[in-house]
There are 2 protein chains.
Amino acid sequence: MLKLTKKVDYALLALNLMAKTEEGGISNVRDIAALYSIPPEILAKVMQKLSKSGLIQSHNAPKGGYSLKLPAEEISVLKVLVAVEGPVGIVSCSDGTDKSCQQRGQCDIRSPLEKLQNNILWFLEALSIRELGQEPAVLKGVTDGSSLFGQPLHHKG
Amino acid sequence: MLKLTKKVDYALLALNLMAKTEEGGISNVRDIAALYSIPPEILAKVMQKLSKSGLIQSHNAPKGGYSLKLPAEEISVLKVLVAVEGPVGIVSCSDGTDKSCQQRGQCDIRSPLEKLQNNILWFLEALSIRELGQEPAVLKGVTDGSSLFGQPLHHKG
DNA sequence: TTGATTACAGACTAAAATGGTCTGCGATAA
DNA sequence: TTATCGCAGACCATTTTAGTCTGTAATCAA
Ligand code: SF4
Ligand code: SF4
């Protein structure tokens with residue numbers, strides 16, 4: 001729950017690698033998959049989705065592969081996420097699929113949850129694959145959250 | 001992916017309801033389940049978990065039920081989430097379960113993703129069930145994110 | 001004392017999402 | 001012309017999620 005899928009993980013690894021190569025450099029699925037021990041067939045599918053979404057450019061030929069289609073700064077984690085897994089929503093009622101939930105008629109928590117969701121999406125959008133390889137400036141300031149897991153911190157004061 | 005489970009949804013609905021009743025008021029599973037059309041058995045389990053986690057107090061008796069054990073302001077969405085579903089992590093490598101992922105040895109995106117995760121957890125912690133029924137102050141400022149779904153906005157400038 | 005009402009507990013099944021495999025086709029440069 | 005690459009989709013296994021079923025224990029009131 002609330003977890004990124006393995007496919008997204010793979011996409012981010014691949015894109016991060018491509019972002020670190022020189023401008024317009026070409027990488028192919030086999031090499032990336034081997035480097036990160038990713039099943040090649042899965043990575044292939046992921047790359048195809050990224051290609052369809054216009055984030056990367058395919059070169060279908062021997063010695064071909066993929067290259068970034070946009071500057072690494074303009075490829076956000078959210079874009080990657082949407083490209084690979086489709087629309088994102090933390091609650092069933094607001095993820096694009098309008099299969100109305102049973103509780104919707106009586107639900108009085110939708111609005112705040114959607115705002116929470118928008119905040120999360122904003123963060124995902126604010127983080128680019130360029131920043132994955134660096135210290136992500138946009139995330140500075142909240143780095144002490146490791147204590148949040150089992151024993152959530154008390155922030156209210 | 002990145003979605004709250006139905007059980008969490010149920011928990012938030014129930015807690016929001018209880019937060020709106022008078023201090024120390026008691027609600028029982030049957031009534032809440034009926035009000036929101038939730039399968040009573042599921043809600044029962046959810047409430048038991050909330051009780052075990054010390055967020056609510058059970059009253060096992062006829063005319064019994066549950067009451068909040070903490071002020072509504074001190075029950076964060078993150079606490080509810082952890083109580084119902086266990087530790088939270090957006091990536092497999094950092095959700096408490098230390099089943100190491102195949103890519104971990106070569107992975108160079110863990111640190112930024114964990115910071116991203118901490119930001120998300122911080123938001124979840126900052127939102128209390130009290131604020132679910134109101135305009136959540138902590139979420140002000142990012143309310144225009146509805147355009148983020150299919151066509152992510154360009155924030156970089 | 002009895003019984004209705006409530007929470008507690010856990011096995012069990014069904015459906016959906018996820019992760020991975022397999023097979024074949026299409027494009028292109030050497 | 002052929003080896004190397006991407007393209008496409010069916011297919012299966014595993015895990016997670018959602019829901020069901022059955023039975024026990026505590027408490028209060030009649
Ligand atoms: S219960 Fe409310 S917030 Fe949750 S999915 Fe249904 S309408 Fe959305
Ligand atoms: S690939 Fe990296 S970030 Fe993803 S689960 Fe593995 S170690 Fe964590």
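Chain A is the first sequence line, chain B the second, and so forth, proteins listed ahead of strands; every chain is numbered from 1. Everything numeric in this text was worked out from a predicted model, so none of it was measured.
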Find every protein N or O atom lying less than 3.5 Å from an N or O atom of nucleotides 26-30 of chain D, and list the pairs.
unit_1: D:dT27; atom_1: O4'; unit_2: B:Asn60; atom_2: O; d: 3.2

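- When rounded to the nearest whole Å, the span between CG of B:Leu50 and P of C:dA9 equals 14 Å.
- Residues A:Ile75 and A:Ile26 are members of separate hydrophobic clusters, defined by side-chain heavy-atom contacts under 4.5 angstrom among Ile, Leu, Val, Met, Phe, Trp and Tyr.
- For A:Pro71, the side-chain contact (heavy atoms from CB on, under 4.5 Å) partners at least two apart in sequence or on another chain are A:Glu73, A:Glu74.
- As rounded to whole Å, 12 Å separates atom C1' of C:dT6 from atom NE2 of B:His59.
- For A:Glu85, the side-chain hydrogen bond (donor to acceptor under 3.5 Å, both in side chains) partners at least two apart in sequence or on another chain are A:Thr5.
- Note that CZ of B:Arg110 and CG of A:Leu12 are 14.5 Å apart. Values are rounded to the nearest 0.5 Å.
- Between the C1' atom of C:dA4 and the NZ atom of B:Lys63 lies a distance of 11 Å, rounded to the nearest Å.
- B:Ala14 is linked by a side-chain contact (heavy atoms from CB on, under 4.5 Å) to B:Ile32, B:Leu43, B:Met47, counting only residues two or more places apart in sequence or in another chain.
- Rounded to an integer number of Å, the gap from NZ of B:Lys49 to C1' of C:dA7 is 16 Å.
- For residues 13-21 of chain A, proximity to DNA chain D is found at no residue, defined as any non-hydrogen atom under 4.0 angstrom from a strand atom.
- For the pair B:Tyr10 and D:dT17, the criterion of a side-chain N or O lying under 4.0 Å from OP1 or OP2 is not met.
- Comparing A:Ser51 and A:Met1 by the nucleotide of DNA chain D whose heavy atom lies nearest to each, the residue mapping closer to the 5' end is A:Ser51.
- When every heavy atom of A:Leu50 is checked against every heavy atom of A:Ala11, the shortest pair comes out as CD1-CB, 4.1 Å.
- When the options B:Asn119, B:Ile120, B:Leu116 are evaluated for a side chain to side chain contact (heavy atoms under 4.5 Å, CB included) with A:Ile120, the one that passes is B:Ile120.
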* Tell me, what's DNA chain C's dot-bracket, Watson-Crick or G-U with both distances under 3.5 Å, | for other-strand, [ ] crossing? -> ||||||||||||||||||||||||||||||
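- Taking CG of B:Leu113 as the start and CG of A:Leu132 as the end, the distance is 6.0 Å to the nearest 0.5 Å.
- Listed by first and then second residue, the side chain to side chain donor-acceptor pair (under 3.5 Å) pairs involving residues 25-41 of chain B are B:Asn28-B:Asp31 (not counting sequence neighbours).
- With sequence neighbours left out, B:Gln103 forms a side-chain hydrogen bond (donor to acceptor under 3.5 Å, both in side chains) with A:Lys6.
- Between C:dC8 and B:Ser58, a contact under 4.0 Å exists linking OP1 or OP2 to a side-chain N or O.
- When the P atom of C:dT18 is taken as reference, atom NZ of A:Lys6 falls 14 Å away, rounded to whole Å.
- The shortest distance between side-chain heavy atoms of A:Glu131 and A:Val77 does not fall below 4.5 Å.
- The side chain to side chain donor-acceptor pair (under 3.5 Å) pairs that include a residue from residues 7-21 of chain A are A:Asn16-B:Asp108, A:Lys20-B:Asp108, where partners are two or more places apart or lie in different chains.
- In this structure, A:Ile26 atom CD1 and C:dA29 atom P are separated by 11 Å, rounded to whole Å.
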Name every donor-acceptor pair, under 3.5 Å, that has one atom in a side chain of residues 51-64 of chain A and the other anywhere in the protein, sequence neighbours excluded.
unit_1: A:Ser53; atom_1: OG; unit_2: A:Lys49; atom_2: O; d: 3.2
unit_1: A:His59; atom_1: NE2; unit_2: A:Ser67; atom_2: OG; d: 2.9

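- Between the P atom of C:dG10 and the CD atom of B:Gln48 lies a distance of 10 Å, rounded to the nearest Å.
- Atoms OH (A:Tyr66) and P (C:dT28) sit 14 Å apart, rounded to a whole Å.
- Every side-chain contact (heavy atoms from CB on, under 4.5 Å) that A:Ala72 has, sequence neighbours left out, goes to A:Ala19, A:Leu68, A:Ile129, A:Arg130.
- Near-neighbour residues of DNA chain C inside residues 28-47 of chain A, defined by a heavy atom below 4.0 Å, number-ordered: A:Pro39, A:Glu41, A:Ile42, A:Lys45.
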